[in-house]
Number of protein chains: 2
Amino acid sequence: MSDQKTDRRIIRTKRMIRDALTDLMEEKGLEGFTVKDLTEKADINRGTFYLHYQDKYDLLEKSENEIIEEMYEFLKEINPDLINQSGLQNEPLPFLVNLFENIEKNARFMKLILGPKGDPAFQVKLKQFMKINFLGKIMEKSNNESLSVPIEQLIAYVTSAHLGVIQQWLNSGMQQSPREMALTLLKITFYGPAHIAGIKKDLNF
Amino acid sequence: MSDQKTDRRIIRTKRMIRDALTDLMEEKGLEGFTVKDLTEKADINRGTFYLHYQDKYDLLEKSENEIIEEMYEFLKEINPDLINQSGLQNEPLPFLVNLFENIEKNARFMKLILGPKGDPAFQVKLKQFMKINFLGKIMEKSNNESLSVPIEQLIAYVTSAHLGVIQQWLNSGMQQSPREMALTLLKITFYGPAHIAGIKKDLNF
DNA sequence: CGTATAATGGACATAACGTTGATTAATGAC
DNA sequence: GTCATTAATCAACGTTATGTCCATTATACG
């Protein structure tokens with residue numbers, strides 16, 4: 001007997017459901033449609049949906065997790081050192097380029113899910129992903145003397161900043177290449193936003 | 001006859017509904033409860049709810065907008081210069097302190113609505129608020145020569161970073177005072193995340 | 001006190017939900 | 001190509017939530 005994961009009927013059904021999900025999220029946002037709408041758009045029986053997912057939110061979460069998983073596999077492929085935590089913490093560029101390439105691959109869905117009608121939980125997942133896989137490691141290898149800010153706050157600052165730029169990129173039509181975006185983020189993070197903006201004024205702390 | 005906005009019955013009903021909203025969002029998240037749950041918790045008739053709000057999302061949006069409005073009024077009070085766009089762009093500190101004080105005032109609701117089960121649209125509103133009222137102005141007064149990054153990306157970076165630190169602050173029990181938080185954000189933004197983390201390495205762009 | 005109106009209680013039709021069982025159709029293994 | 005397996009369909013079910021309605025009661029305000 002065939003594996004559940006390779007049965008063409010299942011693959012096809014799931015693909016149609018997810019395509020319909022993207023369409024409907026684009027049209028009306030996550031709360032704007034019902035399971036019935038979804039199965040009609042996907043052109044499958046409503047009961048079939050419940051054969052694979054518990055509800056709308058279960059579908060969404062599984063779709064999200066697959067994307068994160070996909071990103072992780074892709075990252076591991078390019079950077080096998082990732083498992084053994086050595087090296088490469090010094091070289092965030094390839095990580096960032098990979099990240100943007102992955103996002104670009106799923107651009108339509110990513111834009112929706114990271115948008116104002118998307119899923120805030122996915123933002124958390126994506127920040128967590130960046131933290132674990134590179135941003136956290138980079139920020140943590142600090143000379144503790146100079147670190148006058150709690151590490152968790154610093155990480156929150158950087159991961160959220162990155163997420164925000166990703167969102168801005170998606171919403172403005174992805175004009176720049178993944179590499180350009182990665183370089184931009186590195187520049188701001190290393191030189192500092194104020195310096196990039198050309199603000200010289202000293203702060204009177 | 002009395003004004004609709006000052007009738008004690010209306011005030012009371014709305015207050016009970018919003019208290020119940022906070023409770024239920026805390027317990028089950030926005031999608032985890034129904035209007036019936038809400039009105040039972042608020043101890044009012046279900047029909048009464050529809051006298052004031054169209055549905056759950058209408059309630060949420062109106063609650064959000066009132067908070068933003070409240071913040072704006074508070075900011076204007078402290079900084080009347082805000083209307084005429086002069087001065088004070090150089091002094092972001094009081095703006096940030098005010099912001100954190102306002103968030104602290106509505107801490108319970110803010111934590112929920114900015115959390116993983118909250119409303120992503122509110123994040124957009126809050127970033128917009130920061131952009132319009134101070135962060136945008138600060139970032140825009142750049143010497144254009146040194147600005148090698150599109151201004152919109154820079155603003156996205158900074159506003160999102162600020163939002164992320166606010167979220168982290170709310171989720172870790174608000175250990176620091178509004179003033180401490182404001183200073184932390186200024187430090188990171190002006191010196192740069194990498195510098196704060198003590199990373200010296202030059203980038204090979 | 002008297003008027004205005006907010007809130008209640010009950011009912012209604014409509015729609016979505018999640019599940020079930022019998023049936024049909026497609027798949028993969030041999 | 002046959003056959004056993006199982007995915008998908010179809011129709012139906014009870015349950016629950018939705019949004020609206022109206023007659024009635026209770027409260028607020030002048």
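Letters go in sequence order (proteins before strands), and every chain restarts at 1. What you see below is based on every heavy atom in this structure, not just the backbone, and it leaves out hydrogens, waters and symmetry mates.
The side-chain contact (heavy atoms from CB on, under 4.5 Å) check on K36(B) picks up T34(B), E40(B), R46(B), with sequence neighbours excluded. Applying the ring-ring contact (aromatic ring centres under 6.0 Å, His included) test to F100(A) and every residue at least two apart in sequence or in another chain returns W169(A). Under the rule for a side-chain contact (heavy atoms from CB on, under 4.5 Å), the partners of K111(A) that lie at least two apart in sequence or sit in another chain are L170(A), N171(A). In this structure F129(A) satisfies the ring-ring contact (aromatic ring centres under 6.0 Å, His included) test with no other residue, sequence neighbours excluded. Contacts of E73(A) classified as side-chain contact (heavy atoms from CB on, under 4.5 Å), with partners at least two apart in sequence or in another chain: E69(A), K76(A). Here F49(A) pairs with Y53(A) under the ring-ring contact (aromatic ring centres under 6.0 Å, His included) rule; sequence neighbours left out. Scanning for ring-ring contact (aromatic ring centres under 6.0 Å, His included) contacts around F33(A) gives an empty result, with sequence neighbours left out. With sequence neighbours left out, K131(A) forms a salt bridge (charged side-chain N to carboxylate O under 4.0 Å, His left out) with E152(A).
Here dA28(D) is the nucleotide among dA8(D), dT8(C), dA28(D) with the atom lying nearest to any side-chain atom of R9(B). Checking dG9(C), dA7(C), dC10(D) against every side-chain atom of T48(B), the shortest atom distance belongs to dA7(C).
Rounded to an integer number of Å, the gap from H52(A) NE2 to dA7(D) C1' is 7 Å. Remark: C1' of dA7(C) and CG of D7(B) are 11 Å apart, rounded to the nearest angstrom. Per the geometry, CG belonging to D43(B) stands 14 Å off C1' belonging to dG9(C), to the nearest Å.
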Is there any protein nitrogen or oxygen under 3.5 Å from a nitrogen or oxygen in nucleotides 15-21 of chain C, and what are the pairs?
from    : atom 1 : to     : atom 2 : distance (Å)
dC17(C) : OP2    : V35(A) : N      : 3.2
dG18(C) : OP2    : Y50(A) : OH     : 3.1
dG18(C) : N7     : R46(A) : NH1    : 3.0
dG18(C) : O6     : R46(A) : NH2    : 2.9

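Using a 4.0 Å cutoff on non-hydrogen atoms, the parts of residues 10-26 of chain B near DNA chain C are I10(B), T13(B), ordered by number.
Residue pairs that meet the side chain to side chain donor-acceptor pair (under 3.5 Å) test with at least one member in residues 21-31 of chain A, sequence neighbours left out, are D23(A)-R108(A), E26(A)-R108(A), E27(A)-K41(A), E31(A)-Y57(A), E31(A)-Y57(B).
Comparing the local axis fitted to the first five base pairs of the helix from dC1(C)-dG30(D) to dC30(C)-dG1(D) with the one fitted to its last five gives a bend of 50°, rounded to 10°.
Y157(B) is not listed as a side-chain neighbour of T184(A), based on a closest heavy-atom distance of 4.5 Å or more.
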